[in-house]
Amino acid sequence: MARYTGFFIVNVGIEDLRPVMIDILQSCNLEITYQTPSSIIAREALGKVTVQELVIVEVVFDTATSTVNETKMTVYVKNEALALQSVNHCREIFEQISQLIINNRQWVLLESIAL
C-alpha cells in the first residue's frame with residue numbers, strides 16, 4: 001500500500017482553512033466524502049485509474065492547539081497499490097496537494113514536513 005504523510009502549519013484559523021482545503025482537494029479531482037470539525041476525507045472518482053490506484057485523502061486539523069492565527073494539519077494520502085516505484089499515482093497526488101498548500105496565497109506556510 002502506498003501511503004504519504006505531510007505535516008503543515010499555516011497562519012490561518014481552522015474556520016478559514018477548511019474551505020480552502022476543500023477547494024484544494026476538489027481542484028485535484030477529489031470528491032469530499034465526509035467532514036467533521038476536525039477532518040476532511042476525500043476520494044478519487046472511478047474511471048481514470050485502476051481500483052487499487054484510487055487515492056483517498058484525509059486532512060486532520062489539530063483542534064487542540066489551533067488558534068485564530070495558526071493551525072496545524074496532517075494530510076494523509078493513500079491507496080491500495082504497492083509503491084514499487086518512487087514515481088507512482090499516489091505520490092503524484094500527494095505532491096500536487098502539497099504544492100497547492102505550500103504555494104497558497106491565502107496564508108503563510110510556517111512549517112512543512114513530508115514523510
Side-chain angles (χ1 to χ4, degrees):
M1 292 182 208
R3 298 186 188 282
Y4 301 95
T5 304
F7 301 99
F8 303 93
I9 302 175
V10 294
N11 70 335
V12 175
I14 289 178
E15 295 307 315
D16 295 326
L17 178 58
R18 288 176 60 74
V20 177
M21 285 307 301
I22 290 171
D23 289 343
I24 286 173
L25 296 171
Q26 290 174 334
S27 74
C28 295
N29 296 318
L30 300 164
E31 60 184 51
I32 308 305
T33 58
Y34 187 73
Q35 293 185 60
T36 69
S38 62
S39 68
I40 302 169
I41 298 175
R43 68 179 171 95
E44 195 171 15
L46 288 170
K48 295 183 181 181
V49 294
T50 65
V51 173
Q52 293 83 8
E53 291 179 305
L54 289 175
V55 170
I56 296 173
V57 177
E58 185 175 357
V59 179
V60 179
F61 304 106
D62 186 349
T63 56
T65 62
S66 177
T67 67
V68 293
N69 297 321
E70 184 178 290
T71 303
K72 296 175 185 174
M73 67 178 161
T74 306
V75 177
Y76 302 98
V77 180
K78 59 187 175 183
N79 68 9
E80 296 299 320
L82 294 175
L84 300 175
Q85 300 173 334
S86 60
V87 177
N88 59 65
H89 180 67
C90 190
R91 177 76 182 200
E92 289 172 356
I93 298 295
F94 175 75
E95 292 293 333
Q96 184 179 12
I97 293 168
S98 295
Q99 285 305 309
L100 289 170
I101 293 170
I102 291 167
N103 297 328
N104 197 294
R105 295 176 187 247
Q106 296 190 33
W107 56 64
V108 173
L109 182 71
L110 302 175
E111 188 173 340
S112 167
I113 301 171
L115 302 175

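These numbers come from the heavy atoms of this one structure, side chains and all, not from hydrogens, waters or symmetry mates. In this chain, residues are counted from 1 in sequence order. Computed from a predicted model, the values in this text were never measured in an experiment.
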Hey, is the main chain of [Y] close enough, under 3.5 Å, to the side chain of [X] for a donor-acceptor pair?
{"X": "Asp16", "Y": "Val12", "answer": "no"}
{"X": "Ser38", "Y": "Phe61", "answer": "no"}
{"X": "Glu80", "Y": "Gln52", "answer": "no"}

To the nearest 0.5 Å, what is the distance between [atom1] ([X]) and [atom2] ([Y])?
{"X": "Glu31", "Y": "Arg43", "atom1": "CD", "atom2": "CZ", "answer": "4.0 Å"}
{"X": "Glu53", "Y": "Glu92", "atom1": "CD", "atom2": "CD", "answer": "9.5 Å"}
{"X": "Arg3", "Y": "Cys90", "atom1": "CZ", "atom2": "SG", "answer": "8.5 Å"}
{"X": "Gln106", "Y": "Ile101", "atom1": "CD", "atom2": "CD1", "answer": "12.5 Å"}
{"X": "Leu25", "Y": "Gln96", "atom1": "CG", "atom2": "CD", "answer": "10.0 Å"}

Which heavy-atom pair separates [X] from [Y] by the least distance, and what is that distance?
{"X": "Ser66", "Y": "Thr71", "value": "OG-OG1, 3.5 Å"}
{"X": "Cys28", "Y": "Ile97", "value": "SG-CG1, 3.8 Å"}
{"X": "Ala42", "Y": "Ile32", "value": "CB-CD1, 3.9 Å"}

- Side chains of Ile40 and Met21 in contact at under 4.5 Å (non-hydrogen atoms):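 Contact flag for Ile40/Met21 side chains = yes.
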
- Side-chain heavy-atom pair Lys72, Val10 within 4.5 angstrom cut-off: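 They are not in side-chain contact.
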
Going hydrophobic residue to hydrophobic residue with side-chain gaps under 4.5 angstrom, can you get from [X] over to [Y]?
{"X": "Val75", "Y": "Val20", "value": "yes"}
{"X": "Leu30", "Y": "Ile22", "value": "yes"}
{"X": "Phe94", "Y": "Leu54", "value": "no"}
{"X": "Ile102", "Y": "Val77", "value": "yes"}
{"X": "Ile41", "Y": "Val59", "value": "no"}

- Electrostatic pair Glu95:Arg91 at N-O distance under 4.0 angstrom: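 Result for this pair is yes, salt bridge flagged.
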
- Task: For Lys48 and Asn29, run side-chain contact (heavy atoms from CB on, under 4.5 Å): C-alpha distance rounded to whole Å, both residues' side-chain angles, the deciding distance at 0.1 Å, then the answer.
- Result: CA-CA 10 Å; Lys48 295 183 181 181; Asn29 296 318; 3.5 Å; yes

- side chain to side chain donor-acceptor pair (under 3.5 Å) between Glu70 and Thr67: does it pass, once the steps are laid out? CA-CA 5 Å; Glu70 184 178 290; Thr67 67; 5.8 Å; no

- Message: Checking Asn88 against Tyr4: is there a side-chain donor and acceptor pair closer than 3.5 Å?
- Response: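 The answer is yes; a qualifying pair exists.
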
- Have Ser39 and Thr36 got a donor and an acceptor in their side chains that come within less than 3.5 Å?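 A pair is found: one side chain offers a donor N or O, the other an acceptor, under 3.5 Å apart.
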
- Kindly write out the residues that satisfy side chain to side chain contact (heavy atoms under 4.5 Å, CB included) with Asn11, not counting sequence neighbours, or none if the list is empty.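 Listed in chain order: Trp107, Val108, Leu110.
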
- Item | Partner of Glu44 by side-chain contact (heavy atoms from CB on, under 4.5 Å), out of Val49, Asn79, Ile56, Val57 |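 In the set Val49, Asn79, Ile56, Val57, the residue that makes a side-chain contact (heavy atoms from CB on, under 4.5 Å) with Glu44 is Val49.
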
- Sequence-distant partners of Glu111, side chain to side chain donor-acceptor pair (under 3.5 Å), two or more places apart: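 Glu111 satisfies side chain to side chain donor-acceptor pair (under 3.5 Å) with no residue once adjacent residues are dropped.
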
